[in-house]
Amino acid sequence: MTTTAATPKPWYATLLSPFPIALLGTAVVALMLLLPIRVPAPGDHEARSCGNAFALDIGRPQDYADDYWPRTYERCTSQRLTRLAQSIGVLAATLLATTLSAAARRRPDDS
């Protein structure tokens, strides 16, 4: 009975293992959900933070006209929903990549 030496795996094989992929996906989703959302406020030329994907932090300003505040609220709510949808997409891609990586590691080598 002869034995053959196992061929060493390339250096990037450890980066493509399931744990680093899941860790990277978790970090990206956490950042997307916790970073502030910035929308242009009425009368300002700069964007103003209106909270993050979890908490809406926008108050009704007293010095703006009545029609400005609903538009700002709608922009902020739209950005929050967009950020949540993007986070769900990143989560789905992370789960798919982790599953494919785990399946590839379980498959026997064809050598």
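Please read all numbers here as calculations on a predicted model, not as lab measurements.
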Provide the full list of ring-ring contact (aromatic ring centres under 6.0 Å, His included) pairs with a residue in residues 73-106, sequence neighbours left out, each pair given once.
Trp69-Tyr73
Determine whether a donor-acceptor pair (N or O, by modelled atom type, separation under 3.5 Å) exists between the side chain of Ser78 and the backbone of Glu74.
no
Which atom of Cys76 lies closest to which atom of Leu56, heavy atoms considered:
SG-CD1, 3.3 Å
Listed partners of Phe19 passing ring-ring contact (aromatic ring centres under 6.0 Å, His included), at least two apart
none
Should Leu24 and Leu91 be counted in the same cluster of Ile, Leu, Val, Met, Phe, Trp and Tyr side chains packed under 4.5 Å apart?
yes
Can you sort out the partners of Arg83 under side chain to side chain contact (heavy atoms under 4.5 Å, CB included), two or more places apart, ordered by chain and number?
Met32, Leu35, Ile37, Ala53, Gln86
Contacts of type side chain to side chain contact (heavy atoms under 4.5 Å, CB included), residue Thr98, not counting sequence neighbours:
Pro18, Ile21, Ala22, Thr94
Please identify each residue that fulfils salt bridge (charged side-chain N to carboxylate O under 4.0 Å, His left out) with Arg38, with sequence neighbours left out.
none
Return the CD to CG distance between Gln79 and Leu81, rounded to the nearest 0.5 Å.
9.5 Å
Contacts of type side chain to side chain contact (heavy atoms under 4.5 Å, CB included), residue Leu96, not counting sequence neighbours
Leu100
Going by chain and number, the hydrophobic cluster around Ile88 (ILVMFWY, side chain to side chain under 4.5 Å) further includes none
Measure across Ser17 and Arg105 and return the closest heavy-atom pair with its distance rounded to 0.1 Å.
CB-NH1, 3.6 Å
Cluster check Leu84, Val28: I/L/V/M/F/W/Y, side chain < 4.5 angstrom
yes
